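In what follows, a single structure is set out as structure tokens and then discussed.
Note on naming: letters A, B, ... go to the chains in the order of the sequence lines (proteins, then strands), and numbering restarts at 1 for each one. Every value quoted in this text rests on a predicted model; they were computed, and no experiment measured them.
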There are 2 protein chains.
Amino acid sequence: MNAATAEFAQYGLAGARVDRIAAAAGVNKAQSYAWFGNKDNLFALVFARHLAAIAQLIPLDGFDLPDYVVRLYDFYLEDPTHVRLATWMRLERVPAGLLSEQMNDHLGPMLESIALAQAQGVVTDRYTPPEAYQLAIGLSLTWSPASVLVAAAPDDDESEHQRRRAILRETAQRTFAP
Amino acid sequence: MNAATAEFAQYGLAGARVDRIAAAAGVNKAQSYAWFGNKDNLFALVFARHLAAIAQLIPLDGFDLPDYVVRLYDFYLEDPTHVRLATWMRLERVPAGLLSEQMNDHLGPMLESIALAQAQGVVTDRYTPPEAYQLAIGLSLTWSPASVLVAAAPDDDESEHQRRRAILRETAQRTFAP
DNA sequence: CGTTGCCAACCAACTAGATAGTTGCTACCT
DNA sequence: AGGTAGCAACTATCTAGTTGGTTGGCAACG
């Protein structure tokens, strides 16, 4: 699974090679077919696992959305795997709409947290919780490894990272303040 | 070139098929090799052409960034090709940094326009022009066809589109107001 | 004008290598 | 003895890129 994750994150569904995955994992190819079915299936499994992982890893706190956004910036920076997997999924599998039905499970509690913060006047109610969440994710992706303009890299100057974090925090504040 | 653009936008570099491109264009494969060199080269050409096209199609006016963001939303909606090409480029070719050196050419005037608006107090100077531009692009991509959460589709309810446009405009205002 | 020679555009068919998925046998465990 | 996990080798298909010959246009020539 780890080998497959790395392979799919790097090359995508069309670019990934089953032989390479098996070799990297030190596993026989036929065995992996017995375990995971075909390539598409393996990709779906890898993606589902990562979806669950990130929801746990970066819990959303509706009362501190700016912090959430900055934590996501650092998370993408440290490990581009998640963003890349999700983006491959979007491009190769799901061209429009919600990226994965499975997201609804993880989304529920997050949206509730935002709704709560709204009810207590900590977050603006200009946006519905799904809209606010979409804005937060979008903002966090500004310098992401899937960005269309400049993508942050770990070896960028640390002062640059600091500045981006500050900008993200500030922009989030302005966006989500009542 | 048009056939190649459609093919690459849909399938990416690894997923695109030279035979399919040639067939769609009603052109012999050997001929396309004579004209464009290999697949990589063709992809680079397609991408460069689109880069030039969009800069012309959606000129940036530093004095009305909210409008720029909304125009981009509509542009992506009408034709996902550009976003998809750029995202493939990012995932398959340029994992970090500026997506394309060629962008610098188009970027120059845009950044100047922002700097001018800043000098006249229409846009905040909390951000440098490149930072402001990156934020604007990031914001415009919130519901883009490469979004990791929900991607807008032409057949979404029109009221939904209206709402998203309003949100983008409002958020841009808050972000870029002095 | 018709003919010839030349060159560039054109293309059907081919090649070499890759690639997802399978098979039939072996070894091990219970 | 029976069944399960494991695997080397195989297959059918696909795919980027090439080849060697053909056609059509054009200009010089007779």
Side-chain angles (χ1 to χ4, degrees), chain A residues 1-51 80-82 84-95 99-102, chain B residues 1-51 80-82 84-95 99-102:
Chain A
M1 281 294 273
N2 292 342
T5 304
E7 177 79 9
F8 282 127
Q10 185 163 10
Y11 301 104
L13 187 48
R17 295 296 166 242
V18 176
D19 286 291
R20 211 155 39 194
I21 293 173
V27 154
N28 187 276
K29 190 164 56 143
Q31 201 55 41
S32 86
Y33 271 89
W35 289 336
F36 302 117
N38 59 17
K39 189 179 167 184
D40 272 32
N41 207 275
L42 180 54
F43 180 71
L45 283 169
V46 162
F47 180 72
R49 213 183 56 153
H50 251 253
L51 211 54
T81 304
H82 179 75
R84 291 182 61 94
L85 279 179
T87 308
W88 288 118
M89 184 73 162
R90 172 62 79 201
L91 289 178
E92 304 195 276
R93 280 291 196 77
V94 186
L99 184 59
S100 154
E101 287 303 324
Q102 195 199 342
Chain B
M1 281 294 273
N2 291 342
T5 304
E7 176 79 9
F8 283 127
Q10 185 163 11
Y11 300 105
L13 187 48
R17 296 294 166 245
V18 176
D19 287 289
R20 211 154 39 193
I21 294 173
V27 155
N28 187 276
K29 192 164 54 146
Q31 199 55 42
S32 87
Y33 271 89
W35 289 335
F36 303 117
N38 60 17
K39 189 178 167 184
D40 272 31
N41 207 275
L42 181 53
F43 180 72
L45 283 170
V46 161
F47 180 73
R49 212 182 57 153
H50 252 252
L51 211 54
T81 304
H82 179 76
R84 290 182 61 95
L85 279 179
T87 308
W88 289 118
M89 184 74 163
R90 172 62 80 201
L91 289 178
E92 304 197 277
R93 281 290 198 76
V94 187
L99 185 58
S100 155
E101 287 303 323
Q102 194 199 342

Open item on the list: Give me each pair satisfying salt bridge (Lys or Arg N to Asp or Glu O under 4.0 Å) with a member in residues 31-46 of chain B, each pair once, sequence neighbours excluded.
Closed with: B/D40-B/R93
- [ ] Kindly write out the residues that satisfy side-chain hydrogen bond (donor to acceptor under 3.5 Å, both in side chains) with B/N41, not counting sequence neighbours, or none if the list is empty.
- [x] none
- [ ] Please report the closest heavy-atom contact between A/F47 and A/L99, naming both atoms and the distance.
- [x] CZ-CD2, 3.8 Å
Task: Per-nucleotide protein contact string for nucleotides 24-30 of chain C (B base, S sugar-phosphate only, - none; heavy atom under 4.0 Å) - done: -------
TODO: Look at the aromatic rings of B/H82 and B/H50 and report parallel, tilted or perpendicular, splitting at 30° and 60°.
DONE: parallel
Open item on the list: Using every non-hydrogen atom in the two residues, find where B/T81 and B/A9 come nearest and quote the distance to one decimal.
Closed with: CG2-CB, 3.8 Å
Task: Under 3.5 Å: donor-acceptor pair, side chain of A/E92, backbone of A/L13 - done: yes
Pairs under 3.5 angstrom only: tabulate donor-acceptor contacts from the side chains of residues 24-32 of chain A to other protein residues two or more places apart or in another chain.
from	atom 1	to	atom 2	distance (Å)
A/N28	OD1	A/A30	N	2.8
A/K29	NZ	A/D19	OD1	3.4
A/S32	OG	A/K29	O	3.0

TODO: Looking only at non-hydrogen atoms, find the nearest pair between A/Y11 and A/A16 and report the distance.
DONE: CB-N, 3.6 Å
Open item on the list: Do A/V18 and A/L42 have side chains that approach each other closer than 4.5 Å (heavy atoms only, starting at C-beta)?
Closed with: no
- [ ] Identify the 5'-most and 3'-most nucleotides of DNA chain D with at least one atom closer than 4.0 Å to a non-hydrogen atom of chain A.
- [x] D/dG6 to D/dA8
- [ ] For A/N38, check side-chain hydrogen bond (donor to acceptor under 3.5 Å, both in side chains) against everything at least two apart and list the hits.
- [x] none
Task: Pairs touching residues 8-17 of chain A that satisfy salt bridge (Lys or Arg N to Asp or Glu O under 4.0 Å), sequence neighbours left out - done: none
Task: With A/R49 via salt bridge (Lys or Arg N to Asp or Glu O under 4.0 Å) - residues at least two apart - done: none
TODO: Mind listing the closest non-hydrogen atom pair of A/Q10 and A/W88 along with its distance?
DONE: O-CZ2, 3.6 Å
Task: B/A3 to B/I21 - nearest heavy-atom pair and separation - done: CB-O, 3.7 Å
Open item on the list: So if I take the C1' atoms of five pairs at each end of the helix from C/dC1-D/dG30 to C/dT30-D/dA1 and get each local axis, what angle do the two axes make, rounded to 10 degrees?
Closed with: 10°
Task: Contact list for DNA chain C against residues 4-12 of chain B - heavy-atom distance below 4.0 Å - done: none
Do any N or O atoms of the protein come closer than 3.5 Å to N or O atoms of nucleotides 17-19 of chain C, and which pairs are they?
from	atom 1	to	atom 2	distance (Å)
C/dT19	OP1	A/R17	NE	2.6
C/dT19	OP1	A/R17	NH2	3.3
C/dT19	O5'	A/R17	NE	3.2

Task: Within residues 21-38 of chain A: residues closer than 4.0 Å to DNA chain C (heavy atoms) - done: A/K29, A/A30, A/Y33, A/N38
Task: Closest approach of A/G15 to A/E7 (non-hydrogen atoms, all atoms of both residues) - done: O-OE2, 4.3 Å
